[in-house]
2 protein chains.
Amino acid sequence: MITVNALSEVAALMGDPARAAMLSLLMDGRAHTASDLALIAGITAQTASGHLARMVEGNLLAARAQGRNRFYRLASSDVAHAIESLMALAGTRATAASRSAAWRRDPDLRFCRTCYDHLAGQVGIAVTDSLTKHGYLEPKGPRDWKLTQPGELFCERLGVDLPGARQASSRHFARQCLDWSERRPHISGALGAAIADTFFKRGWAERLRRSRTVRLTDSGRRALGSHFGATV
Amino acid sequence: MITVNALSEVAALMGDPARAAMLSLLMDGRAHTASDLALIAGITAQTASGHLARMVEGNLLAARAQGRNRFYRLASSDVAHAIESLMALAGTRATAASRSAAWRRDPDLRFCRTCYDHLAGQVGIAVTDSLTKHGYLEPKGPRDWKLTQPGELFCERLGVDLPGARQASSRHFARQCLDWSERRPHISGALGAAIADTFFKRGWAERLRRSRTVRLTDSGRRALGSHFGATV
DNA sequence: CCAATGGTTCGGCTGCGGCCGAACCATTGG
DNA sequence: CCAATGGTTCGGCCGCAGCCGAACCATTGG
């Protein structure tokens with residue numbers, strides 16, 4: 001059966017430890033060089049090259065040459081979503097002991113990170129919860145949200161680039177993305193990306209180098225309180 | 001990072017063609033026997049047994065023994081969600097699984113039969129559904145039911161020997177038994193046996209010789225309608 | 001033009017894991 | 001008590017895929 005083959009192939013692509021390590025790094029939504037990815041996976045460059053070629057072939061990654069370097073990034077937000085849902089599974093799979101150990105080891109990642117191009121972790125959940133609590137977002141279908149009229153006003157006042165987000169018509173506008181650490185949906189899609197952009201543009205958050213971890217600045221913490229009515 | 005290892009492990013579990021075929025079948029949300037799963041995967045029973053054990057160990061599946069059979073099902077909706085998102089990545093959709101040939105082989109057995117000493121098949125399910133729908137049975141624990149006060153009245157009116165059923169104190173009173181053809185629980189235990197006895201005693205059903213198959217008589221069909229509000 | 005850096009291709013080694021035959025255990029029904 | 005059926009365990013075979021060393025290609029800077 002075709003669907004079965006496709007399922008096992010895409011899962012097998014993610015099922016190798018080296019490739020999984022690369023994908024985890026790429027979950028920050030940014031492009032990384034082949035060397036970086038080889039380093040993080042703990043393998044030689046030539047082995048990494050093979051892995052990367054296979055993932056491009058399997059439509060998990062997109063590659064772009066730039067000078068001597070080749071940059072790889074996730075092919076789409078669907079890839080990010082699939083990885084997140086697998087991580088959610090892995091979270092329940094891990095024993096309580098090892099899970100708490102992992103969480104203790106990386107509390108910052110749990111607090112705030114990027115998931116492809118939008119905010120995740122406690123901050124992503126806080127933003128999403130605020131939007132739904134104030135009636136700015138309403139559930140629409142099993143995996144989407146609808147931005148209400150008050151929600152549009154709120155986003156405009158915040159400086160979110162709504163026209164730009166709407167322009168990417170091929171993309172889901174307000175998508176639900178399951179957060180692997182909080183185990184609840186946060187806002188993704190074009191709107192989620194636009195909101196994250198606003199956080200970076202207004203200096204509320206900063207990406208940490210070579211990591212999906214995001215640091216919430218002091219002004220970001222204040223903004224969460226004043227604009228979203230949330231404390232984290 | 002622990003989450004990376006966990007990601008690759010859970011993805012690798014789904015990444016084998018045989019296991020993926022089994023998971024695809026299980027996407028219908030029902031429980032299936034080890035033999036069925038081996039058949040659909042195109043492998044021998046012993047190989048399938050190994051795969052199934054690994055998936056139970058990895059918390060992808062839950063197993064439940066029932067007589068000589070062992071039924072496997074997806075461990076949670078999170079598993080289904082992860083598989084679905086992987087299928088979405090592959091650009092394919094989870095189609096309703098095709099039913100096995102065994103399913104069609106014996107329509108009478110599927111319609112009504114005894115399971116030990118109680119009714120099973122479509123009739124067993126119809127009786128059980130009626131009892132729960134009217135509030136006569138309530139779920140109690142993972143594998144039992146509770147007979148409510150209205151349920152007791154209903155049974156007495158029907159002529160079910162409740163005192164006799166309660167006498168066998170060593171036995172489960174109202175047990176959930178997984179129906180292999182309907183793949184849903186039906187009523188078993190002392191109460192299930194007492195109800196089946198009523199069907200035989202009142203001429204609603206007849207055992208066929210040398211078979212577990214049970215024939216529903218015309219009066220039985222009428223009784224199902226008048227007493228249980230069910231048509232089969 | 002040459003050296004340095006980043007990346008890929010090729011070939012051969014190696015180990016993991018999927019597979020089956022055979023034997024074994026458990027439950028059921030006659 | 002015995003045969004039939006469903007499932008698992010064990011042992012051994014075999015192929016695939018991941019890994020690296022070496023060589024090769026491409027871009028950049030001096």
Side-chain angles (χ1 to χ4, degrees), chain A residues 4-5 8-23 31-58 61 63-72, chain B residues 5 8-23 31-58 61 63-73 100 102 105-106 109 113-118 120 177-178 180-181 188 193 207-214:
Chain A
V4 171
N5 271 337
S8 71
E9 281 168 20
V10 69
L13 274 179
M14 299 177 177
D16 175 79
R19 287 195 293 265
M22 296 174 169
L23 289 170
H32 293 265
T33 63
S35 338
D36 263 9
L37 293 164
L39 190 69
I40 204 107
I43 54 180
T44 60
Q46 60 271 35
T47 304
S49 179
H51 283 309
L52 291 167
R54 288 187 59 184
M55 289 195 282
V56 169
E57 173 68 17
L61 302 186
R64 192 177 103 194
Q66 186 165 327
R68 273 194 298 225
N69 294 308
R70 252 189 117 187
F71 285 87
Y72 291 87
Chain B
N5 269 339
S8 72
E9 280 168 21
V10 70
L13 274 179
M14 299 177 176
D16 175 78
R19 287 194 293 263
M22 296 173 167
L23 289 171
H32 292 267
T33 62
S35 338
D36 262 11
L37 294 164
L39 190 69
I40 202 106
I43 53 179
T44 58
Q46 59 271 35
T47 304
S49 179
H51 283 309
L52 291 167
R54 288 187 58 182
M55 289 194 281
V56 168
E57 172 69 17
L61 301 186
R64 182 168 143 186
Q66 176 92 44
R68 274 194 297 227
N69 294 307
R70 250 188 119 186
F71 285 86
Y72 291 88
R73 63 168 59 230
S100 67
R105 196 185 311 164
D106 212 335
L109 193 68
R113 65 181 176 278
T114 49
C115 176
Y116 304 97
D117 53 7
H118 55 271
C177 179
L178 190 59
W180 70 261
S181 58
S188 71
R207 295 175 191 270
L208 266 62
R209 228 172 295 177
R210 250 179 246 171
S211 164
R212 304 171 54 199
T213 305
V214 168

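Convention: sequence-line order gives letters A, B, ...; per-chain numbering from 1.
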How close do [X] and [Y] get, heavy atom to heavy atom, and via which atoms?
{"X": "B:V56", "Y": "B:A63", "answer": "CG2-CB, 4.2 Å"}
{"X": "A:A38", "Y": "A:A45", "answer": "CB-CA, 4.2 Å"}
{"X": "B:L37", "Y": "B:H32", "answer": "CD1-O, 3.9 Å"}
{"X": "A:M22", "Y": "A:A48", "answer": "CE-CB, 3.5 Å"}
{"X": "A:A18", "Y": "A:I43", "answer": "CB-CD1, 4.0 Å"}
{"X": "A:L13", "Y": "A:M55", "answer": "CD2-CG, 4.4 Å"}

Value in whole Å for how far the [atom2] atom of [N] lies from [atom1] of [X]:
{"X": "A:E9", "N": "D:dA17", "atom1": "CD", "atom2": "P", "result": "10 Å"}
{"X": "B:D16", "N": "D:dA17", "atom1": "CG", "atom2": "C1'", "result": "13 Å"}
{"X": "B:I43", "N": "C:dG21", "atom1": "CD1", "atom2": "P", "result": "13 Å"}
{"X": "B:M55", "N": "C:dG18", "atom1": "CE", "atom2": "P", "result": "11 Å"}
{"X": "A:R64", "N": "D:dA26", "atom1": "CZ", "atom2": "P", "result": "21 Å"}

*Should A:L61 and A:L23 be marked as a side chain to side chain contact (heavy atoms under 4.5 Å, CB included) after you check the CA-CA gap, both sets of side-chain angles, and the distance that decides it?*
CA-CA 9 Å; A:L61 302 186; A:L23 289 170; 3.9 Å; yes
Nearest-0.5 Å distance, [atom1] of residue [X] to [atom2] of residue [Y]:
{"X": "B:M14", "Y": "B:R19", "atom1": "CE", "atom2": "CZ", "answer": "10.5 Å"}
{"X": "B:S49", "Y": "B:R54", "atom1": "OG", "atom2": "CZ", "answer": "12.5 Å"}
{"X": "A:L39", "Y": "A:T33", "atom1": "CG", "atom2": "OG1", "answer": "9.0 Å"}
{"X": "A:Y72", "Y": "A:D36", "atom1": "OH", "atom2": "CG", "answer": "12.5 Å"}

Polar atom pairs between nucleotides 28-30 of chain D and protein, under 3.5 Å, N or O only, would you list them?
from, atom 1, to, atom 2, distance (Å)
D:dT28, O2, A:R68, NH1, 3.4

*Hey, is the side chain of A:R54 poking within less than 4.0 Å of OP1 or OP2 on D:dA17, counting only N and O atoms?*
no
*Is any side-chain N or O of A:H51 closer than 4.0 Å to OP1 or OP2 of D:dC19?*
yes
*asked:* Just to be sure I follow the notation: if a pair is Watson-Crick (purine N1 to pyrimidine N3 plus N6-O4 or O6-N4) or a G-U wobble (N1-O2 and O6-N3), each under 3.5 Å, what dot-bracket string does DNA chain D give, with | for pairs to another strand?
replied: ||||||||||||||||||||||||||||||
_Nearest-nucleotide comparison on DNA chain C, the residue closer to the 5′ end among B:R19 and A:N69_ = A:N69
Between the protein and nucleotides 8-15 of chain D, list the N/O to N/O atom pairs that are separated by less than 3.5 angstrom.
from, atom 1, to, atom 2, distance (Å)
D:dT8, OP1, B:R70, NH1, 2.8
D:dT8, OP1, B:Y72, OH, 2.7
D:dT8, OP2, B:S49, OG, 2.9
D:dT8, O5', B:S49, OG, 3.0

